[in-house]
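One structure is given here, and the rest of the page talks about it.
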Amino acid sequence: MANHPTMDKPVLRKPSASDGTQVWELVKKAGTLDLNSVYSYIMLCDIFRDTCVIAVQQDIIVGYMSAYRRPDLPDTLFVWQAAVDSSQRGKGLGKEMLRELLNREENEWIRFVEATIGPENIASRRLFTGLGEEKNAQCQLSEYYPASYFPEGSGHEPELLLRVGPFTNK
Ligand code: 9YT
């Protein structure tokens, strides 16, 4: 049954604590995101599992999206990281993961999605502006964490905030 197309399609599901290490490996391999501690991925996959999703293909995690409902703005889903394995890029997996999060019953009261992105990250920007188009909602881009907030010499890019909404999600 090798390479059967439906078998090859990643399956999306909520993560659990035991997925944290593989998520850390995926983020490390992707190379474009800020790599956090393994502990933080284990915790996200456990405590924040209702607002996180993984894409699994034959037991390998090939996609990950972490998010949380902002404590100060409970109708806003803040997407922290979106990672897609190089083997899966250009297939709309990011969009599928975002849709999966918004489709969950636990997230039906979400009216806004936010994410911070580097100025050069066109793929990530497209993912969120695409949601705005789909939901016929506004997209606001603003400066958020300037490069000067990051350690000197780190070369970290500024993070721009993209806020999409309001939209209905029920
Ligand atoms: C949506 C997304 O992946 N943002 C990245 C934010 C930050 N640069 C990080 O955690 O890597």
Side-chain angles (χ1 to χ4, degrees), residues 10 12 14-15 19-55 61-73 76-104 107 110-135 137-165 167:
L12 271 53
K14 285 186 188 183
D19 294 313
T21 289
Q22 250 206 75
V23 164
W24 178 81
E25 275 159 4
L26 174 72
V27 172
K28 190 177 169 191
K29 208 170 120 196
T32 51
L33 295 168
D34 292 291
L35 183 64
N36 302 299
S37 67
V38 181
Y39 175 73
S40 71
Y41 291 108
I42 293 173
M43 209 175 61
L44 279 158
C45 289
D46 180 21
I47 299 170
F48 293 87
R49 65 193 304 266
D50 286 352
T51 50
C52 292
V53 56
I54 54 172
I61 298 177
V62 293
Y64 162 75
M65 187 175 277
S66 56
Y68 54 84
R69 292 184 285 266
R70 279 185 62 150
D72 55 340
L73 300 169
T76 299
L77 185 74
F78 183 91
V79 178
W80 183 350
Q81 288 190 318
V84 173
D85 185 74
S86 55
S87 67
Q88 300 298 317
R89 298 218 178 116
K91 296 183 182 176
L93 188 56
K95 201 172 163 181
E96 269 183 59
M97 292 193 290
L98 185 54
R99 203 175 278 152
E100 152 79 18
L101 291 182
L102 291 172
N103 283 344
R104 288 183 190 159
N107 299 326
I110 294 298
R111 296 286 172 269
F112 295 88
V113 165
E114 286 184 350
T116 72
I117 46 176
E120 309 298 330
N121 196 339
I122 306 299
S124 197
R125 193 182 293 206
R126 276 298 312 149
L127 173 65
F128 297 103
T129 54
L131 173 73
E133 281 161 25
E134 199 174 294
K135 300 271 191 193
Q138 277 185 4
C139 294
Q140 279 181 313
L141 188 67
S142 54
E143 284 182 21
Y144 206 56
Y145 300 137
S148 61
Y149 283 12
F150 296 95
E152 227 180 291
S154 67
H156 201 295
E157 288 188 315
E159 298 273 352
L160 308 175
L161 181 73
L162 196 54
R163 181 167 166 86
V164 182
F167 53 81

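Counting starts at 1 for both ligands and their atoms, following the listed order.
No hydrogens or angles considered: a donor-acceptor pair under 3.5 Å links the side chains of Tyr41 and Gln81. Checked by atom type, the side-chain pair Arg163/Thr76 shows a donor-acceptor distance below 3.5 Å.
The aromatic rings of Tyr68 and Trp80 sit perpendicular to each other, their planes meeting at more than 60°, with 30° as the lower class boundary.
For the pair Pro158 and Pro119, the tightest heavy-atom approach, listed with the atom from each and the gap, is O-CD, 3.3 Å.
Looking only at heavy atoms of the protein, atom 3 (O) of ligand 1 is closest to Ala82 N, 3.0 Å. For atom 10 (O) of ligand 1, the nearest protein heavy atom (residue, atom name, distance) is Gln81 NE2, 3.0 Å. What sits closest to atom 7 (C) of ligand 1 on the protein, heavy atoms only, is Asp34 OD2, 3.2 Å. The protein heavy atom nearest to atom 8 (N) of ligand 1 is Glu159 OE2, 2.6 Å.
Residue contact check: Trp80 has heavy atoms under 4.0 Å from atoms 1 (C), 2 (C), 3 (O), 4 (N), 5 (C), 6 (C), 10 (O) of ligand 1. Near Leu33, meaning under 4.0 Å from one of its heavy atoms, ligand 1 places the atoms 3 (O), 5 (C), 11 (O).
No donor-acceptor distance shorter than 3.5 angstrom exists from the side chain of Arg111 to the backbone of Gly165, with no hydrogens or angles considered.
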